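The structure appears right after this line, and notes come after that.
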Amino acid sequence: MFDAAIRQAITEKDDILTYGEDTSQTRKEVLRHLLDKNNLHFDNVKQAADFFVIMLGKDRIEEIIHREIDKYIS
């Protein structure tokens, strides 16, 4: 059970860090999406990954995932 949760956390982190971008263009797209829809529903995984990278930063995402994995290990 814990092995599956750890694998999923690592996969999600890798997906976000691989696909998420923090560029001027992605910031505009994410903000436009939030203003148009007024919620956090995303049309695709790329939009969600961009949002998390923009809001948290890649270093913070790594830190959060490692902290969650450490909970399962200890």
Side-chain angles (χ1 to χ4, degrees):
M1 178 170 123
F2 293 125
D3 290 341
I6 291 170
R7 277 194 298 278
Q8 180 179 353
I10 291 170
T11 299
E12 289 173 2
K13 173 196 64 103
D14 290 344
D15 288 348
I16 290 171
L17 296 178
T18 299
Y19 298 116
E21 296 179 61
D22 186 0
T23 64
S24 177
Q25 182 62 31
T26 56
R27 283 178 177 258
K28 287 178 190 174
E29 289 173 12
V30 167
L31 288 173
R32 188 176 307 117
H33 177 83
L34 291 171
L35 289 172
D36 289 345
K37 307 236 183 222
N38 197 29
N39 66 30
L40 286 177
H41 171 79
F42 299 105
D43 294 331
N44 54 54
V45 173
K46 176 78 169 95
Q47 284 180 344
D50 290 343
F51 173 78
F52 284 109
V53 168
I54 289 166
M55 297 306 292
L56 296 174
K58 289 189 175 192
D59 291 340
R60 181 76 175 124
I61 292 168
E62 290 255 18
E63 178 187 319
I64 291 167
I65 297 298
H66 286 293
R67 187 174 55 225
E68 291 302 312
I69 290 170
D70 287 345
K71 287 179 187 178
Y72 290 111
I73 293 173
S74 17

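Please read all numbers here as calculations on a predicted model, not as lab measurements.
For the atom pair CE of Met55 and CD1 of Ile61, the computed distance is 11.0 Å after rounding to the nearest 0.5 Å. Separation of atoms OG1 (Thr23) and CG (Asp50) is listed at 7.0 Å; rounding is to 0.5 Å. To the nearest 0.5 Å, atom CG of residue Leu56 and atom CD of residue Glu63 are 10.0 Å apart. To the nearest 0.5 angstrom, Asp22 atom CG is 9.0 Å from Lys58 atom NZ.
For the pair Glu21/Val53, no side-chain contact is recorded, criterion being any heavy-atom separation below 4.5 Å from C-beta on.
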